[in-house]
S.K.: 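Here's a structure for you.
This structure is a prediction, so every number in the text was calculated from the model and none was measured. Order of the sequence lines fixes the chain letters, A, B, ..., with proteins taken first and strands second; residue numbering starts at 1 for each chain.
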Protein chains: 2
Amino acid sequence: MKLITRNTDYALRAICYIAQQDKVVAVTELVKVLGVPRPFLRKILQRLSQKRILESYKGQAGGFRLKGQPQKIFIIEVMRVFQGEIALNGCFLNKHVCPNKGKCILRKKIKLIEDDVFTQLKRINIASLI
Amino acid sequence: MKLITRNTDYALRAICYIAQQDKVVAVTELVKVLGVPRPFLRKILQRLSQKRILESYKGQAGGFRLKGQPQKIFIIEVMRVFQGEIALNGCFLNKHVCPNKGKCILRKKIKLIEDDVFTQLKRINIASLI
DNA sequence: GACAAATGATACTAATATGGTATCATTCAT
DNA sequence: ATGAATGATACCATATTAGTATCATTTGTC
Ligand code: FES
Ligand code: FES
């Protein structure tokens with residue numbers, strides 16, 4: 001049960017570093033600082049710029065920069081990029097969705113916990129991590 | 001990000017059913033009711049009786065029964081049986097534990113959420129699911 | 001006691017998700 | 001022109017979860 005996977009983790013660290021630089025940061029620099037395998041980090045950063053969390057600059061002297069302000073980037077967005085829609089559970093009965101889902105007490109209780117986790121995750125922005 | 005895996009889910013449903021019967025319940029009956037693949041369910045039930053959540057009876061007319069009272073079985077125990085120690089995250093840098101762990105703000109925040117999830121999970125017992 | 005109906009133990013396989021590589025195309029400052 | 005950067009995409013590796021298969025042991029019933 002991991003709330004945050006490795007790529008989200010790497011992403012967050014990269015974002016935090018970039019947020020603190022006042023320039024366009026290239027992968028080479030991030031690799032040195034974070035110690036993450038270069039091709040993997042590249043993939044992660046590409047994804048972040050596709051999702052408009054980072055801005056990318058191609059060509060020589062290119063690299064990445066935050067697209068918005070650190071206060072306005074919340075970690076749940078980053079999680080969603082790498083972990084998809086965050087849903088803590090789903091009841092299955094041999095591949096089919098459980099017919100009992102509406103009534104199920106367990107599901108309701110888990111849902112409450114889930115909502116709680118969301119609320120808390122939604123509050124954490126990049127600025128607060130620096 | 002799943003809070004509850006499939007085997008935990010099956011386990012909980014089996015426990016709930018057994019809790020409502022006033023007799024020793026055999027796998028055959030549970031398979032009918034829950035629609036879970038028999039060998040898989042058997043493995044799950046065996047594990048639950050190893051961990052003293054169920055009591056098993058061998059031989060003809062054998063099966064499973066709750067070991068304790070439904071009020072005293074909490075879902076977090078069942079989760080631990082199948083999902084091990086519940087820890088929402090851990091920072092890694094290429095297989096090594098992150099040297100920054102102590103200071104890391106993200107980790108601290110996640111830890112708070114984690115603790116919260118625990119507290120809530122610890123409150124849910126089987127009786128409350130029936 | 002034989003037998004059938006149940007669980008115990010254990011090893012194996014399959015599917016999925018995550019983590020990570022490799023390669024080539026495109027852009028752009030110099 | 002060129003080389004240093006990202007874009008796109010396909011591929012491989014590892015770990016976790018889900019599920020099967022097989023044989024041994026126990027026990028109630030006839
Ligand atoms: S949603 Fe299926 S039993 Fe709870
Ligand atoms: S624990 Fe390693 S950077 Fe947060």
S.K.: To the nearest angstrom, how far is A:I44 atom CD1 from D:dT6 atom C1'?
M.R.: 15 Å

S.K.: In residues 118-128 of chain B, what donor-acceptor pairs under 3.5 Å come from side-chain atoms, sequence neighbours left out?
M.R.:
residue: B:T119; atom: OG1; partner: B:D115; partner atom: O; Å: 2.6
residue: B:Q120; atom: NE2; partner: A:D116; partner atom: OD2; Å: 3.4
residue: B:Q120; atom: NE2; partner: B:D116; partner atom: OD2; Å: 3.3
residue: B:N125; atom: OD1; partner: B:A127; partner atom: N; Å: 3.1
residue: B:N125; atom: OD1; partner: B:S128; partner atom: N; Å: 2.8
residue: B:N125; atom: ND2; partner: B:Q71; partner atom: O; Å: 3.2
residue: B:S128; atom: OG; partner: B:N125; partner atom: O; Å: 2.7

S.K.: To the nearest 0.5 Å, tell me how far B:R13 CZ sits from B:L129 CG.
M.R.: 12.0 Å

S.K.: Measure the angle between the two terminal helix axes of the helix from C:dG1-D:dC30 to C:dT30-D:dA1, five base pairs each, and quote it to 10°.
M.R.: 0°

S.K.: Would you mind telling me which of D:dT22, D:dA18, D:dT6 lies closest to the side-chain atoms of B:R42?
M.R.: D:dT22

S.K.: Take atom CG of B:L30 and atom C1' of C:dA6, then tell me their distance rounded to the nearest Å.
M.R.: 13 Å

S.K.: Only counting residues at least two apart or in another chain, list the ones meeting salt bridge (charged side-chain N to carboxylate O under 4.0 Å, His left out) with B:K32.
M.R.: none

S.K.: Per the salt bridge (charged side-chain N to carboxylate O under 4.0 Å, His left out) rule, what does the pair list look like for residues 52-66 of chain B, sequence neighbours excluded?
M.R.: B:E55-B:K67

S.K.: B:R6 and B:Y10: side-chain donor and acceptor closer than 3.5 Å?
M.R.: yes

S.K.: Take atom CZ of B:F40 and atom C1' of D:dT16, then tell me their distance rounded to the nearest Å.
M.R.: 12 Å

S.K.: Can you tell me how far C1' of C:dT16 sits from CG of B:N7, to the nearest Å?
M.R.: 14 Å

S.K.: Please confirm whether the backbone N or O of B:I130 pairs with a side-chain atom of B:Q20, one donor and one acceptor, at under 3.5 Å?
M.R.: no

S.K.: Would you say A:I105 ends up clustered with B:V78 if hydrophobic residues are merged whenever their side chains have heavy atoms under 4.5 Å apart, either directly or through other cluster members?
M.R.: yes

S.K.: With clusters built from Ile, Leu, Val, Met, Phe, Trp and Tyr whose side-chain heavy atoms come within less than 4.5 Å, directly or transitively, what are the remaining members of the cluster of B:V24, listed by chain and number?
M.R.: B:Y57

S.K.: Which whole-number value in Å describes the distance from A:L45 CG to C:dG20 C1'?
M.R.: 15 Å

S.K.: Using a cut-off of strictly less than 4.0 Å, decide whether B:R6 has a side-chain nitrogen or oxygen near OP1 or OP2 of D:dG19.
M.R.: yes

S.K.: Among B:T8, B:I53, B:I44, find the one that has a side-chain contact (heavy atoms from CB on, under 4.5 Å) with B:V81.
M.R.: B:I53

S.K.: With a 4.0 Å heavy-atom cut-off, tell me which residues in residues 46-65 of chain B come close to DNA chain D, sorted by residue number.
M.R.: B:K58, B:G59, B:Q60

S.K.: Round to the nearest Å and state the distance from B:I4 atom CD1 to D:dT17 atom P.
M.R.: 14 Å

S.K.: Can a side chain N or O of A:Y10 be found less than 4.0 Å away from OP1 or OP2 on C:dG20?
M.R.: yes

S.K.: Among the nucleotides D:dA5, C:dT21, C:dT7, which one has an atom lying closest to any side-chain atom of A:A26?
M.R.: D:dA5

S.K.: Please state how far atom NZ in A:K43 lies from atom C1' in C:dA17, giving the value in whole angstrom units.
M.R.: 12 Å

S.K.: Of all the choices, C:dA6, D:dA18, D:dT20, which nucleotide is nearest to the side chain of B:P37 once you look at every atom?
M.R.: D:dT20

